[in-house]
Amino acid sequence: MEPITIIKSTCVPLPAENVDTDQIIPARFLKATTREGFGDNLFRDWRYDSDNNPKPSFVLNQPDYSGSILVAGKNFGCGSSREHAAWALYDFGFKVVVSSFFADIFRNNALNNGLLPIQLSEEYIQSLLAAVEDNPELEVMVDLPKQQLNVVGSDEIVSFEINPHKKSCLLKGFDDIDYLINQKDKITEFEKNRITA
Amino acid sequence: MSGKTLFDKVWDQHVVSEIKDGPSVLYIDRHFIHEVTSPQAFDGLRKRGIGVFRPAQTIATADHNVPTIDQHLPIKDRLSRFQVQKLTENCEEFGVQFYGLGHQYQGIVHVIGPELGITQPGITIVCGDSHTSTHGAFGAVAFGIGTSEVEQVLATQCVLQRKPKRMKIEVNGPLAKGVLSKDIILYIASKISTSGATGHFIEYTGSTIRNLSMEARMTICNMSIEMGARGGMIAPDETTFEYLKGRKYAPQGEAWDKAVARWKELHTDADAVFDTSYEYDASDIVPMITYGTNPGMGIKINEAVPSAPDNVKALEYMGLTAGEQLLGKPVNHVFIGSCTNSRIEDLRLVASLVKGKQKAPNVHAMVIPGSKQVEQQAIQEGLDQILKEAGFQLRQPGCSACLGMNDDKVPAGEYCVSTSNRNFEGRQGPGARTILASPLTAAATAITGRITDVREII
Ligand code: SF4
């Protein structure tokens, strides 16, 4: 996993609420056995019509908007547990998703893949969405060590929460699995006293 | 100090250690895997040069992308075939039990776990699938995980998880005729919304829940995730023990008695505290259907589509207008299946309703048993004949049109009354319009060719 520290980028606005993982990556594209290449089908049915022509109304097809920060409506990533959703966003080039609310499994999946989910107030998200739609060149700075986010050029700095363990993993690019593998002795010990066989 | 909830009791027993200000190392008793969310996890093990830590605690099946006809032939779709082939090879290489196509125990992962008695009270269960919450019906802590976490469990039999909050949902009173547990959970989801239980583990209680069969309880717990919950559970009782007794992997003889004694302790203490509680009266619950594009968008079958600022996009997708009645609306597809409603009890209900009747000519009605065992049982009981005579197609087990990874898809723009759990845009195929309902509502709709209030024909 690639470490994250400070990210400065323009944003892609996606104000829709309850964006489920079936929209992020539809099930028919889950047949690959590797983690790569899912970006091509990110938001497939919102991005392309049934003849595979790009839909001009969808934000990823609008040349004005680009960048590694996705600003999304609330309850982002609900539905299926498919980690392919996080892979698709990452593979497409997103490093950060900002929303007022994330579904639990998606949040874990994102964190496990170096994609930073930042939860901010609904009010702030609405104002950020409006600002980005108004000015696609607006840049946002995300400072993971300080747990802060601000619009470049603005004095308003907002703080975000992140679990300290997850933060240190992201900063170092460590996976949870490395941590767990180091715990195997403890786990074996636990098994000896386990009641539920 | 206040008492513990059922959830606390099971969770706490499985905490190996806690990271300061971080998640817990949670021990996993049983791990289910399937073809879609596991290949990258096995690759991860290979890259690290490690094996599966406790192979006997992982069970694999092929369900998500398998065809539901001609399962004895090689899978036609190249990518699906490759994915199932990969799972077969991975299970062989890493020593994991695999119930593949054609095996007498193959089926949807959340159907086979309980019917084999692998799912038991008081254990922890995970699977790379959000509907793992189904297994909570037995008083297990069961939840869905991502592929990185599948790899964690394969490598160490543990996952790093933060303890969720506790939510209690109590439903009391007798259910009216024609109302099923699917209606209860669609009703609850319509009240709580698609994100209302995020961050929580739900315990369902109350006399209505207590009086449900195990199959009906599984339908409830299955859809916990549709409200955003990590999982849902129901305290084990005589109904649970009765269901499990004698099943293949259930404890036998003396071990059974010991297990039951232990399981009887698994209930919420009287003085335990929940972070959030809801209470509903069963007399307010009638057959439910959804009108929108998430499972929280449900209404009573005789209600009109509501108008709300946040459902404009959903109504546009569904081709519906606010104020419109869904009752009487023609539909061309009925799908009875998925880990929500594909168990033997569901098939019996459907068969009892359609017996001696004929499906409407405009309807394509598909019944997909949840597992090979359900299929066999249906044949033994003659349900296959009843369904066939009524014009329904009984196919072979798998997830099928629940998520449209195989050929079982609903064409763009067409309506499907479905017993599955998700009505997301494109879930049953690009452009497909899904209306979630109970097996009885689905069966009644297939007969009349229009969305039907089952209470009018039973
Ligand atoms: S039946 Fe549907 S919801 Fe259940 S496991 Fe299969 S795809 Fe998921």
Side-chain angles (χ1 to χ4, degrees), chain A residues 1 16-18 20-23 26-28 30-35 44-46 50 74-75 78-87 101-106 108-113 163-166 168-169 175-181 183-184 186-191 194-197, chain B residues 13-14 16-17 19 21-23 25 27 29 36-37 39-40 43-44 48 50 53 64-65 79-80 82-83 86 120 122-124 128-130 144-149 151-152 155-158 160 162 164 194-195 198-199 228 230 262 294 310 313 403-405 412 422 424-427 430-431:
Chain A
M1 202 167 79
E17 292 180 1
N18 300 318
D20 59 76
T21 53
D22 275 83
Q23 306 318 315
R28 61 188 191 279
L30 304 185
K31 293 180 183 176
T33 54
T34 61
R35 290 178 190 240
R44 180 76 200 195
D45 295 334
W46 287 355
S50 48
K74 73 165 175 267
N75 197 27
C78 61
S80 137
S81 64
R82 60 188 71 159
E83 194 161 314
H84 312 68
W87 299 337
F101 200 85
F102 289 97
D104 289 327
I105 307 182
F106 175 79
N108 281 352
N109 287 343
L111 287 166
N112 282 333
N113 287 281
N163 178 273
H165 165 79
K166 280 292 174 193
S168 92
C169 287
D175 295 332
D176 279 345
I177 189 164
D178 299 320
Y179 177 87
L180 282 173
I181 288 171
Q183 301 283 309
K184 272 195 182 169
K186 247 193 205 167
I187 297 168
T188 309
E189 198 50 42
F190 175 89
E191 284 179 321
R194 187 165 69 110
I195 321 164
T196 49
Chain B
Q13 272 182 9
H14 290 84
V16 176
S17 64
I19 302 175
D21 297 325
V25 176
Y27 190 83
D29 294 311
V36 177
T37 56
Q40 296 86 353
D43 273 351
R48 286 169 204 274
I50 56 176
F53 187 52
H64 277 64
N65 72 24
L79 291 173
S80 298
F82 184 68
Q83 215 172 32
K86 215 49 222 164
Q120 293 171 18
I123 67 172
T124 48
D129 190 283
S130 60
I145 56 177
T147 299
S148 296
E149 293 165 322
E151 189 179 336
Q152 293 174 22
T156 68
Q157 207 55 42
C158 289
L160 283 177
R162 295 183 69 185
T194 188
S195 61
T198 301
R230 278 312 256 132
R262 211 170 58 228
N294 73 54
D310 58 356
K313 189 165 172 278
L403 89 166
M405 270 190 89
R422 285 187 175 143
F424 295 153
E425 286 181 31
R427 173 82 178 179

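Order of the sequence lines fixes the chain letters, A, B, ..., with proteins taken first and strands second; residue numbering starts at 1 for each chain.
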Colleague: Identify which of B:D310, B:V36, B:T37 forms the greatest number of heavy-atom pairs closer than 4.5 Å to chain A.
Modeller: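 Option with the greatest count: B:V36.
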Colleague: Taking the side chain as everything from C-beta on, heavy atoms only, tell me whether A:S81 gets closer than 4.5 Å to B:E149.
Modeller: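 No, side chains not in contact.
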Colleague: Any salt bridge between B:D43 and A:R35, counting N to O under 4.0 Å?
Modeller: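 A salt bridge is absent here (no side-chain N lies under 4.0 Å from a carboxylate O).
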Colleague: Please report the interatomic distance CD1(B:I145) to CG(A:N108), rounded to the nearest 0.5 Å.
Modeller: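 Here the interatomic distance stands at 10.0 Å.
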Colleague: Between A:P164, A:P26, A:G79, which has the largest tally of heavy atom pairs under 4.5 Å with chain B?
Modeller: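 Greatest number of close heavy-atom pairs with chain B: A:G79.
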Colleague: Just verifying a value: how many Å separate A:K184 NZ and B:C158 SG, rounded to the nearest 0.5 Å?
Modeller: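 If we round to the nearest 0.5 Å, A:K184:NZ and B:C158:SG are 10.5 Å apart.
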Colleague: Is there a side-chain contact between B:N294 and A:C78, using heavy atoms and a 4.5 Å cut-off?
Modeller: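 B:N294 does not reach A:C78 side chain to side chain.
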Colleague: Begin with the C-alpha distance, continue with both residues' side-chain angles, and end with the deciding distance and a verdict on side chain to side chain contact (heavy atoms under 4.5 Å, CB included) for B:Q152 and A:N112.
Modeller: CA-CA 11 Å; B:Q152 293 174 22; A:N112 282 333; 4.1 Å; yes
Colleague: I need the minimum non-hydrogen distance between B:Q13 and A:F190, along with the two atoms involved.
Modeller: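 Nearest pair, atom of B:Q13 first, then A:F190: O-CZ, 3.3 Å.
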Colleague: Which atom names give the shortest non-hydrogen contact between B:G228 and A:D104, and what distance separates them?
Modeller: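 So the minimum-distance heavy-atom pair works out to O-OD2, 3.7 Å.
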Colleague: Is there a side-chain contact between B:R427 and A:D20 (heavy atoms, below 4.5 Å)?
Modeller: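 Contact flag for B:R427/A:D20 side chains = no.
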Colleague: Measuring from atom CD1 of A:I181 to atom CD1 of B:I50, what distance do you get when rounded to the nearest 0.5 angstrom?
Modeller: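 The distance works out to 3.5 Å.
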Colleague: Tell me, side chain or backbone of A:A32 under 4.5 Å from chain B's heavy atoms, or both, or neither?
Modeller: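 The answer is the backbone of A:A32.
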Colleague: Heavy-atom distances under 4.5 Å only: say whether A:D176 touches chain B with side chain, backbone, both or neither.
Modeller: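 Contact with chain B is through both the backbone and side chain of A:D176.
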Colleague: Is it true that a side-chain atom of A:Q23 and a backbone atom of B:E425 form a donor plus acceptor pair closer than 3.5 Å?
Modeller: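 Checking the backbone N and O of B:E425 against the side chain of A:Q23, a donor-acceptor pair under 3.5 Å is found.
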Colleague: Should the pair B:R48-A:D175 be classified as a salt bridge under the 4.0 Å nitrogen-to-oxygen rule?
Modeller: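 Here B:R48 pairs with A:D175 in a salt bridge, since their nearest N and O are under 4.0 Å apart.
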Colleague: Can you give me the closest heavy-atom contact between B:P23 and A:N163, atom names plus distance?
Modeller: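 In terms of heavy atoms, the two residues are closest at CD-OD1, 3.9 Å.
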Colleague: Identify which of A:N75, A:N18, A:D45, A:N113 forms the greatest number of heavy-atom pairs closer than 4.5 Å to chain B.
Modeller: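 When all of A:N75, A:N18, A:D45, A:N113 are compared, A:N75 has the most.
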Colleague: Between B:E151, B:R230, B:K313, B:M405, which has the largest tally of heavy atom pairs under 4.5 Å with chain A?
Modeller: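 Winner by heavy-atom pair count: B:M405.
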Colleague: Can you tell me which portion of A:E189 sits under 4.5 Å from chain B's heavy atoms? Options are side chain, backbone, both or neither.
Modeller: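 Contact with chain B involves no heavy atom of A:E189 at all.
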Colleague: Please step through side chain to side chain contact (heavy atoms under 4.5 Å, CB included) for the pair A:K31 and B:F82, ending with a clear verdict.
Modeller: CA-CA 8 Å; A:K31 293 180 183 176; B:F82 184 68; over 6 Å; no
Colleague: Indicate yes or no: at least one non-hydrogen side-chain atom of B:T147 is less than 4.5 angstrom from one of A:W87.
Modeller: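 Side chain of B:T147 against side chain of A:W87, heavy atoms only: contact under 4.5 Å found.
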Colleague: Taking all non-hydrogen atoms of both residues into account, name the closest pair between A:F102 and B:T198 and its distance.
Modeller: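 So the minimum-distance heavy-atom pair works out to O-CG2, 3.7 Å.
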Colleague: Do A:Q183 and B:T156 have side-chain atoms, one donor and one acceptor, less than 3.5 Å apart?
Modeller: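 Not at all, the side chains of A:Q183 and B:T156 share no donor-acceptor pair under 3.5 Å.
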Colleague: Going through the distances and angles, do A:H165 and B:L160 end up as a side chain to side chain contact (heavy atoms under 4.5 Å, CB included)?
Modeller: CA-CA 10 Å; A:H165 165 79; B:L160 283 177; 3.7 Å; yes
Colleague: Under 4.5 Å heavy-atom distance to chain B, tell me which part of A:F101 shows up: side chain, backbone, both or neither.
Modeller: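 It is the side chain, since no backbone atom gets that close.
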Colleague: Between B:S148, B:S80, B:P39, which shows the greatest number of heavy-atom pairs under 4.5 Å with chain A?
Modeller: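 Between B:S148, B:S80, B:P39, the count favours B:S148.
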Colleague: Once rounded to the nearest 0.5 Å, what's the spacing between atom CZ of B:R162 and atom NZ of A:K166?
Modeller: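 Rounded to the nearest 0.5 Å, the CZ-NZ separation comes out at 10.0 Å.
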Colleague: For chain A, which of B:A412, B:G431, B:G22, B:G44 has the most heavy-atom pairs under 4.5 Å?
Modeller: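 Max contact count across the listed options: B:G22.
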Colleague: Which one, A:E83, A:R44, A:E17, A:R28, leads in non-hydrogen pairs under 4.5 Å with chain B?
Modeller: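 Answer, by heavy-atom pair count under 4.5 Å with chain B: A:E83.
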Colleague: Determine the minimum heavy-atom distance between A:T33 and B:K86, stating which atoms define it.
Modeller: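 What the structure gives for the nearest pair is CG2-CG, 3.8 Å.
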